[in-house]
Visitor: 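Handing you a structure now.
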Amino acid sequence: MNSNTSVLVVEDEPEILELISTLLRLENLDVMTASSGEEGLRAFFQRRPDLAILDIGLPGMSGIDLCGRIREVSEMPVIFLSAFGDEADRVKGLRMGADDYMVKPFGADELKARVAAVLRRAAMPAVGEDRSDFTDGEVLIDHGAHTVVVRGEPVSLTPLEYRMLSVLSGHRGQVLSQDRLLDLVWGADAMEAAPESVRLCVSHLRSKIEANPRRPKLVETVRGFGYRYAAAA
Ligand code: CA
């Protein structure tokens, strides 16, 4: 991995913090550490890392709260660590906009694979980058600049949300199944993506582009089949 890539690791258990830092430094990453959410937030604002690995169970500000603060200003990739690994925690983490999730204890290979996958995804050129701009009167996607404007307002999307929107709008009027979306949006990482990832990504996307996310008009659910970007009226 590239040594210009910096990773923020926030974990209150010193042995685990040390272990993760050592493993990531062996991968040539520039590692900064913090042992509380507050310290992690300061480090984030000072150094603007490329990736954050956040323990959920921290004293004071939790990893989930920290992720929420980071998400107010940044779409950088976030991986959560949890001691529990129960489904509720995992879903809460993904709902907060985390890109991935690891349950402690995890092995060195798993850590390396997940970090590499998240960084690869963040660097992946968006689907159809060479395409001309997309517009349907409500949504304008500038594929060269990677910017999205909805009803005249610029919208900030994570790399995954951007890929999801690009894929859906690129297949306008066509129904895409969850499996097809996993393949098209997650690409080589489709196998590792959690089954609820498509639904959560669509739901995040709707909250950012739909006038009323509860009654989506742009990204429609086709019950039993998948999702469809609305055809022109
Ligand atoms: Ca902890």
Side-chain angles (χ1 to χ4, degrees), residues 1-122 158-161 186 189 191-197 199-201 203-204:
M1 288 179 241
N2 191 325
S3 59
N4 293 323
T5 305
S6 55
V7 181
L8 169 65
V9 185
V10 187
E11 164 64 79
D12 60 320
E13 288 162 71
E15 299 80 20
I16 299 179
L17 185 60
E18 178 64 33
L19 176 72
I20 296 176
S21 318
T22 306
L23 287 170
L24 295 180
R25 285 191 180 112
L26 285 172
E27 293 299 303
N28 263 330
L29 294 166
D30 177 13
V31 181
M32 57 194 93
T33 61
S35 48
S36 72
E38 289 79 1
E39 204 187 313
L41 191 61
R42 268 197 304 278
F44 163 75
F45 278 115
Q46 278 162 8
R47 307 270 310 273
R48 292 295 178 136
D50 300 298
L51 164 73
I53 299 180
L54 310 178
D55 183 28
I56 289 182
L58 294 168
M61 183 193 288
S62 76
I64 301 224
D65 294 341
L66 174 56
C67 180
R69 296 289 299 274
I70 289 174
R71 276 285 172 267
E72 288 170 12
V73 294
S74 163
E75 305 293 349
M76 77 162 169
V78 170
I79 299 176
F80 274 128
L81 299 179
S82 167
F84 315 104
D86 76 79
E87 196 67 4
D89 245 15
R90 173 192 165 99
V91 170
K92 208 193 292 174
L94 292 171
R95 199 167 280 153
M96 271 316 297
D99 294 80
D100 207 347
Y101 186 95
M102 282 198 300
V103 178
K104 293 187 269 189
F106 47 82
D109 288 343
E110 183 183 359
L111 175 72
K112 280 191 280 186
R114 290 194 185 271
V115 166
V118 162
L119 289 174
R120 194 164 60 234
R121 222 154 43 216
T158 66
L160 265 183
E161 291 158 2
W186 277 260
D189 300 321
M191 296 292 286
E192 297 158 28
E196 64 271 33
S197 301
R199 188 175 49 79
L200 289 170
C201 185
S203 138
H204 290 147

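One-based numbering, in listed order, for ligands and for the atoms of each.
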Visitor: Rounded to the nearest 0.5 Å, how far apart are CD1 of Ile20 and CG of Asp55?
Guide: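 Ile20 CD1 to Asp55 CG: 8.0 Å, rounded to 0.5 Å.
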Visitor: Quick one: does Leu160's side chain get under 4.5 Å of His204's, heavy atoms only?
Guide: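 In short, these two side chains do not touch, never coming nearer than 4.5 Å.
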Visitor: Within the stated cut-off of 3.0 Å, is an N/O/S atom of Asp55 closer than that to the Ca ion (ligand 1)?
Guide: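 So Asp55 does bind the Ca ion (ligand 1) by this criterion.
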Visitor: Treating Arg42 as the side-chain partner and Phe45 as the backbone partner, does any N or O pair qualify as donor plus acceptor under 3.5 Å?
Guide: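 Not a single qualifying donor-acceptor pair exists.
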Visitor: Answer yes when Arg120 and Asp99 have at least one side-chain N-carboxylate O distance shorter than 4.0 Å, and no when they do not.
Guide: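 Judged by the 4.0 Å cut-off on N to carboxylate O distance, Arg120 and Asp99 do not form a salt bridge.
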Visitor: Would you name the N/O/S atom of Asp12 that lies closest to the Ca ion (ligand 1)?
Guide: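 Atom name of the closest N, O or S in Asp12: OD1.
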Visitor: Quick check: does Pro59 have an N/O/S atom under 3.0 Å of the Ca ion (ligand 1)?
Guide: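 It does not; every qualifying atom lies at 3.0 Å or beyond.
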